[in-house]
Structures are given as C-alpha cells and as structure tokens.
Number of protein chains: 2
Amino acid sequence: MARTPQDITDAELNVLQVLWDQGTATVRELTEKLYRECTLSLTATVQKLLERLEGKKCVKRDRKTWPHQFSAILKREELIARQLQTTANKLCEGELNPLLTCLVKAKGLSAEDRQSLRGLLDQLDMDTK
Amino acid sequence: MARTPQDITDAELNVLQVLWDQGTATVRELTEKLYRECTLSLTATVQKLLERLEGKKCVKRDRKTWPHQFSAILKREELIARQLQTTANKLCEGELNPLLTCLVKAKGLSAEDRQSLRGLLDQLDMDTK
DNA sequence: TATCGTACAGACAGATCGTCTGTCTCACAA
DNA sequence: TTGTGAGACAGACGATCTGTCTGTACGATA
C-alpha cells in the first residue's frame with residue numbers, strides 16, 4: 001500500500017521558518033542561514049527544496065528580480081491549522097474538539113493562559129451574535 | 001541528514017484503532033477486521049505491525065494465552081497529546097498555547113462547544129486553587 | 001566576452017514502511 | 001503419540017520518500 005507522504009518535509013519546514021522570519025530572501029541568504037556556509041551543492045539543495053515548496057503552493061518566487069526573491073505564501077498559523085486537522089482526521093474522525101479538550105487538560109496552562117482563552121471565547125460569542 | 005521517522009505509522013495506527021475499539025484481540029481478529037480476509041501473508045503483516053508496536057511500548061501481549069491476546073497500552077488521548085506536542089515542537093518552539101489559539105479561532109466551534117470549554121477552564125481553576 | 005553566481009533538470013543513496021516467505025512452536029484431535 | 005493447522009518469530013524485499021549532489025544552461029556584471 002502506498003504510504004502517505006508528509007505534506008511538508010523537515011528540511012522544507014526549515015526553509016519556511018527562515019522565510020517566516022525574514023519575509024523574503026534569496027537562495028544565497030537562505031543557504032547561509034540554514035547551513036552557515038554556501039557551497040555549490042548546498043545552494044542546489046536549497047534550490048530544490050524551494051522548487052518543491054513552490055510546487056506545493058507554499059512559497060512564491062519573484063522571477064522579475066535577479067537573483068529570484070522567495071517568500072512564503074503559507075502562513076505559520078495556516079500550517080498549524082493544517083497539521084491539527086491532519087491529526088484530527090487520523091485520531092478523532094476529523095473532529096477538532098477532542099484536540100481542544102486534550103490541550104486544555106494538558107498541564108502547562110497557567111491562570112493567565114486560561115484567562116486569555118476565556119477572552120477569546122467571549123470574543124467569539126460576540127462575533128456570532 | 002537522517003530523516004525523522006514517524007513514531008506511529010499509518011498501518012500501525014490502524015491496528016491501534018481496532019484495539020482501542022475492541023479492548024483486546026488476537027492476530028486473527030485484527031487481520032479480519034483490517035483486511036476483511038485472513039490469508040497467511042496478511043496475518044504475518046499484522047503480526048509484524050504488532051511486533052513493532054510492542055517495541056514502541058504501545059501494545060502489550062499476553063503470552064500466557066494461546067493465541068496471544070493483544071491490547072493497547074497507549075491510550076488514544078495520550079497519542080493525541082503526543083502528536084500535539086510534536087507539532088508544537090516543530091512550529092511553536094514547544095509552546096502549546098499557539099495551538100490552542102489556532103483551534104479556538106478555527107471555525108466549527110459551536111456555542112455549546114464554547115460553553116463546555118468554559119466549564120473545563122472553571123474546573124481547572126478549582127483544581128489549582 | 002569572460003566569469004561567476006543562479007536556475008533548472010535529473011539522478012542517486014540511505015532510510016522508511018508495508019508486505020511477504022520461511023521456519024519453528026504450540027494446541028488439539030485422531 | 002503423532003499429525004495437522006494456526007500462530008509466533010526472524011529475516012528479507014521492494015516501492016517510495018527525502019535530502020543531497022552533479023551537470024548544464026542562463027543571466028548579469030566587469
């Protein structure tokens with residue numbers, strides 16, 4: 001049976017992280033940021049990762065500039081949401097609520113966290129009224 | 001670079017799902033549930049998956065019975081929590097809060113959902129008082 | 001026009017993962 | 001006790017994924 005490939009690979013994610021930080025970057029900048037050096041082969045590697053990310057509509061490339069300028073299309077929050085939906089599909093028949101419950105029950109939620117969460121909920125109540 | 005293998009594989013997860021439903025099962029029962037038939041090779045496949053799950057401490061095997069009875073050690077909620085932590089590590093520097101925010105902001109959270117979530121929060125307030 | 005960095009295509013190797021084959025062992029019936 | 005069928009276990013294979021590299025074409029700058 002065909003294994004389901006991960007939509008965003010580890011190496012691809014590293015590239016995305018830099019783009020999220022910088023906003024926009026060239027291959028050279030990305031390579032140096034990621035590998036702390038910039039050889040020919042490393043550049044090609046990053047180039048390939050960008051190519052794949054472009055194919056996945058996660059990154060866009062400005063071909064009018066030289067060298068090309070790359071920037072992220074996919075926002076960090078969108079990726080988070082996508083990942084959450086994926087785990088929900090795998091483990092909760094697509095329902096997001098069980099994830100919420102799990103998160104809230106997990107330790108590491110301070111009183112302030114709870115308070116700000118209540119704020120968010122109130123906000124939602126207002127919006128849908 | 002070594003790719004990071006996924007802790008629980010798709011096929012392994014399918015086995016776990018059945019165990020979560022049934023509570024306990026033999027290889028034969030699992031195979032029939034998963035593949036709707038029970039050939040020699042399919043049985044071996046399930047056997048191998050169980051072996052790997054056992055190695056990962058997700059499943060335990062009762063060797064006193066014949067055939068062996070298998071049951072899940074890892075609970076569904078625990079796996080959910082683990083998955084959430086994994087995405088948090090990849091995308092939020094380990095912080096769970098951003099996930100919460102994402103989830104709450106996502107559509108598909110009804111008024112009742114919000115209300116029950118408030119209940120959960122109140123519960124937590126009580127506990128930590 | 002020579003040179004250097006970038007773009008692009010293609011390929012490769014290591015690893016993962018689902019699957020299968022083969023052998024041994026156990027329980028049960030004849 | 002022995003034969004039989006199902007399960008346990010070990011090992012291996014092959015498709016696929018994924019990070020990386022090589023090779024070639026292209027574009028800009030001196």
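Below, chains carry the letters A, B, ... as their sequence lines are ordered, and counting in each starts from 1.
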| field | Minimum-distance nucleotide to A:S41 side chain [options: C:dT16, D:dT22, C:dC8] | value | D:dT22
| message | Within this structure, what is the CG-NZ distance for the pair A:L124 and B:K105, rounded to the nearest 0.5 Å? | response | 9.5 Å
| message | Is the phosphate of C:dC17 approached by B:Q6 (side-chain N or O, under 4.0 Å from OP1 or OP2)? | response | yes
| said: So that I can tick it off, tell me whether B:K56 and B:D7 are bridged by a salt bridge, with the cut-off set at under 4.0 angstrom between side-chain N and carboxylate O. | reply: no
| field | Integer-rounded Å distance: D:dA8 C1' and B:E51 CD | value | 9 Å
Residues 114-122 of chain B side chain polar contacts: donor-acceptor under 3.5 Å, at least two apart:
{"residue": "B:R114", "atom": "NE", "partner": "A:D125", "partner atom": "OD1", "Å": "2.6"}
{"residue": "B:R114", "atom": "NH1", "partner": "B:L109", "partner atom": "O", "Å": "2.9"}
{"residue": "B:R114", "atom": "NH2", "partner": "A:D125", "partner atom": "OD1", "Å": "3.0"}
{"residue": "B:R114", "atom": "NH2", "partner": "A:T128", "partner atom": "OG1", "Å": "3.3"}
{"residue": "B:Q115", "atom": "OE1", "partner": "B:R118", "partner atom": "NH1", "Å": "3.1"}
{"residue": "B:S116", "atom": "OG", "partner": "B:D113", "partner atom": "O", "Å": "3.0"}
{"residue": "B:R118", "atom": "NH1", "partner": "A:D125", "partner atom": "OD2", "Å": "3.4"}
{"residue": "B:R118", "atom": "NH2", "partner": "A:D122", "partner atom": "OD1", "Å": "2.9"}
{"residue": "B:R118", "atom": "NH2", "partner": "A:D125", "partner atom": "OD2", "Å": "2.6"}
{"residue": "B:D122", "atom": "OD1", "partner": "A:R118", "partner atom": "NH2", "Å": "2.9"}

| field | Spacing between A:N14 atom CG and D:dG19 atom C1', to the nearest angstrom | value | 11 Å
| Quick one, which residues of residues 23-33 of chain A touch DNA chain C with a heavy atom under 4.0 Å? | A:V27, A:R28
| said: I need the CG-P distance between A:L49 and D:dC21, as an integer number of Å. | reply: 11 Å
| request: Calculate, to the nearest 0.5 Å, the distance between atoms CG and OG belonging to B:L19 and B:S71 respectively. | output: 7.0 Å
| message | Please give me every residue in residues 57-73 of chain B whose heavy atoms get under 4.0 Å of an atom in DNA chain D, ordered by residue number. | response | B:R61, B:R63, B:W66, B:P67, B:H68
| task | Indicate whether OP1 or OP2 belonging to C:dC20 is found under 4.0 Å from a side-chain N or O atom of B:T45. | result | yes
| query | D:dC17 phosphate, OP1 or OP2: any side-chain N/O from A:T9 under 4.0 angstrom? | reply | no
| message | Within this structure, what is the CD-CG distance for the pair B:Q6 and B:L13, rounded to the nearest 0.5 Å? | response | 9.5 Å
| note | Nearest-nucleotide check on DNA chain D, A:L42 vs A:P5; residue mapping nearer the 5' end is A:P5
| field | Upstream residue (5' side of DNA chain C) when B:A44 and A:E54 are each assigned their closest nucleotide | value | A:E54
| field | Which residues share a salt bridge (charged side-chain N to carboxylate O under 4.0 Å, His left out) with A:D62, sequence neighbours left out | value | none
| query | If we ignore angles and hydrogens, is there a donor and acceptor under 3.5 Å between the side chains of A:H68 and A:R63? | reply | no
| query | Quick one: CG on B:L100 to CG on A:L103, what's the gap to the nearest 0.5 Å? | reply | 4.5 Å
| d(OH, A:Y35; C1', D:dG19) in whole Å | 7 Å
Side-chain donor-acceptor pairs of residues 42-49 of chain A under 3.5 Å, sequence neighbours excluded:
{"residue": "A:T43", "atom": "OG1", "partner": "A:T39", "partner atom": "O", "Å": "2.7"}
{"residue": "A:T45", "atom": "OG1", "partner": "A:S41", "partner atom": "O", "Å": "3.1"}

| note | Rounded to whole Å, the CD-P distance (B:Q47 to C:dG22) equals 18 Å
| So what does B:A11 hit on the nucleic acid, given a heavy-atom distance under 4.0 Å: a base, only sugar-phosphate, or nothing? | sugar-phosphate
| said: Quick check for you: among C:dC17, C:dG18, C:dT6, whose closest atom lies nearest to any side-chain atom of A:L40? | reply: C:dT6
| task | May I have the distance from A:E37 (atom CD) to D:dT20 (atom C1'), rounded to whole angstrom? | result | 13 Å
| said: Under a plain distance cut-off of 3.5 Å, with no hydrogens placed, do A:Q83 and B:T87 share a side-chain donor-acceptor pair? | reply: no
| said: Using whole Å, what does the distance between atom C1' of nucleotide D:dT20 and atom CG of A:D10 come to? | reply: 15 Å
| query | Does the pair A:R28/A:E32 count as a salt bridge with the N-to-O cut at 4.0 Å? | reply | yes
Between protein and nucleic acid, restricted to nucleotides 11-15 of chain D and to nitrogen or oxygen atoms under 3.5 Å apart, what atom pairs and distances do you find?
{"residue": "D:dG11", "atom": "N7", "partner": "B:K48", "partner atom": "NZ", "Å": "3.3"}
{"residue": "D:dG11", "atom": "O6", "partner": "B:K48", "partner atom": "NZ", "Å": "3.3"}
{"residue": "D:dA15", "atom": "N3", "partner": "A:R3", "partner atom": "NH2", "Å": "3.1"}

| field | A:D21-A:Q17 side chain donor-acceptor pair, cut-off 3.5 Å | value | no
